Enquirer: 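The structure follows.
Here is the naming used below: chain letters follow the sequence lines, and residue numbers restart at 1 for every chain. These figures come from a predicted structure and were not determined experimentally.
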2 protein chains.
Amino acid sequence: MSMTIGFVAEKTCCSVATIRYYEEKGLLGRIGRAANGRRAYGWPDIGRLRLIRRLRDLGFGIDAVRTLIEAMHSPDSAACLDVRDLALSHIDVIRAKRAELDALEAILTDLAASCSDACRNGHSPDCTIIEAIRA
Amino acid sequence: MSMTIGFVAEKTCCSVATIRYYEEKGLLGRIGRAANGRRAYGWPDIGRLRLIRRLRDLGFGIDAVRTLIEAMHSPDSAACLDVRDLALSHIDVIRAKRAELDALEAILTDLAASCSDACRNGHSPDCTIIEAIRA
DNA sequence: CTACATCCTCAAGCAACTTGAGGAGCAAGC
DNA sequence: GCTTGCTCCTCAAGTTGCTTGAGGATGTAG
């Protein structure tokens with residue numbers, strides 16, 4: 001009936017060590033043990049791990065994941081809105097990061113291009129890219 | 001003539017601790033000491049720190065920054081092209097990250113919207129966002 | 001019965017810093 | 001001259017989200 005950590009790792013695309021880590025961090029609740037002392041998982045644990053993995057991939061931190069899971073299990077109807085708010089504020093974070101990346105890409109593209117021009121004919125070591133960055 | 005670490009921190013937008021950290025990591029070369037044992041910086045150090053900060057902001061890791069700075073000081077004309085290549089490959093990293101963020105934003109936006117709809121009228125705790133993520 | 005895989009726990013390592021403890025120096029106000 | 005308070009010093013540990021390794025027990029297959 002119960003599954004080993006290795007099997008669960010395979011099913012959830014989490015490493016064995018990561019699963020133990022999540023347990024230690026309190027994201028999994030209590031995990032039962034078989035008679036031989038090994039962790040024994042059930043299907044709900046796999047679902048929960050997949051959810052955790054999904055949330056992590058979406059960029060939520062461990063604490064945020066815990067909050068979300070707790071809200072999910074809360075009978076409180078306000079919890080759902082808390083979840084939405086967390087998601088919304090997370091979108092802001094993502095947008096800010098993306099804006100940064102856009103700017104960085106533009107800068108690097110320019111720099112690489114001008115560097116390429118300047119360096120082709122042996123100009124060095126006052127590489128344009130360094131000069132431009134230095135400014 | 002020489003400047004204190006606090007002054008340099010102010011001029012470079014690096015924290016005092018970060019400047020000491022960069023020194024420890026070998027990004028700054030040898031920093032002189034005043035008679036009282038305190039670090040003594042000159043203007044070239046400030047320029048170098050600004051360059052380091054710029055490169056870090058662009059997403060280069062400490063090791064990459066060291067490589068770039070070394071290439072910059074190298075009399076070798078090939079070094080400039082190495083710098084360009086480092087920049088170019090870094091652009092790829094940035095593009096990949098941005099693509100991820102685009103996808104994440106789209107997902108989260110959808111989720112938050114549908115969650116908002118479902119939760120407005122007290123539906124809970126099977127919040128749509130959770131259900132959608134779980135899938 | 002002997003490998004070999006898997007599991008266990010604890011501990012340390014990674015990036016790139018930040019934070020804190022504990023102590024000394026220096027400049028200014030009284 | 002003395003106290004207050006800021007800056008500086010070093011060394012050590014904490015942060016996040018894991019991964020990697022040591023050292024040892026157990027399970028499975030040939």
Enquirer: I need a per-nucleotide contact map over nucleotides 3-8 of chain C, read 5' to 3'. Cutoff is protein heavy atoms under 4.0 Å; write B for the base, S for backbone only, - otherwise.
Expert: ---BSS
Enquirer: Can you name the side-chain hydrogen bond (donor to acceptor under 3.5 Å, both in side chains) partners of A:R66, sequence neighbours left out?
Expert: A:D63
Enquirer: B:L28 and B:I19: which non-hydrogen atoms are nearest, and at how many Å?
Expert: CD1-O, 3.8 Å
Enquirer: State whether A:S15 places a side-chain N or O below 4.0 Å from either non-bridging phosphate oxygen (OP1 or OP2) of D:dC18.
Expert: no
Enquirer: Could you tell me how far apart A:L28 (CG) and D:dC18 (P) are, to the nearest whole angstrom?
Expert: 12 Å
Enquirer: Among residues at least two apart in sequence or on other chains, which ones pass side chain to side chain contact (heavy atoms under 4.5 Å, CB included) with A:R20?
Expert: A:I5, A:V16, A:R39
Enquirer: Taking atom SG of A:C14 and atom CZ of A:R56, what is their separation to the nearest 0.5 Å?
Expert: 10.5 Å
Enquirer: What's the CG-P distance between A:N36 and D:dG27, to the nearest Å?
Expert: 5 Å
Enquirer: Considering residues at least two apart in sequence or located in another chain, which fulfil the side-chain hydrogen bond (donor to acceptor under 3.5 Å, both in side chains) criterion with A:S15?
Expert: A:T18
Enquirer: Side-chain contact test, heavy atoms from C-beta onward, threshold under 4.5 Å: evaluate it for A:T4 versus A:V8 and give yes or no.
Expert: no
Enquirer: Who passes salt bridge (charged side-chain N to carboxylate O under 4.0 Å, His left out) against A:E105, sequence neighbours left out?
Expert: B:R95, B:R98
Enquirer: Could you give the CD1-to-P distance, from A:I19 to D:dT19, as a whole number of Å?
Expert: 10 Å
Enquirer: Send over the distance from A:D57 CG to D:dG17 P, rounded to a whole Å.
Expert: 13 Å
Enquirer: Nearest 0.5 angstrom please: A:L49 CG to A:Y22 OH, how far?
Expert: 8.0 Å
Enquirer: What pairs of nitrogen or oxygen atoms, one from the protein and one from nucleotides 13-16 of chain C, lie under 3.5 Å apart?
Expert:
unit_1	atom_1	unit_2	atom_2	d
C:dA16	OP2	B:I62	N	3.3
C:dA16	O3'	B:R56	NH2	3.4

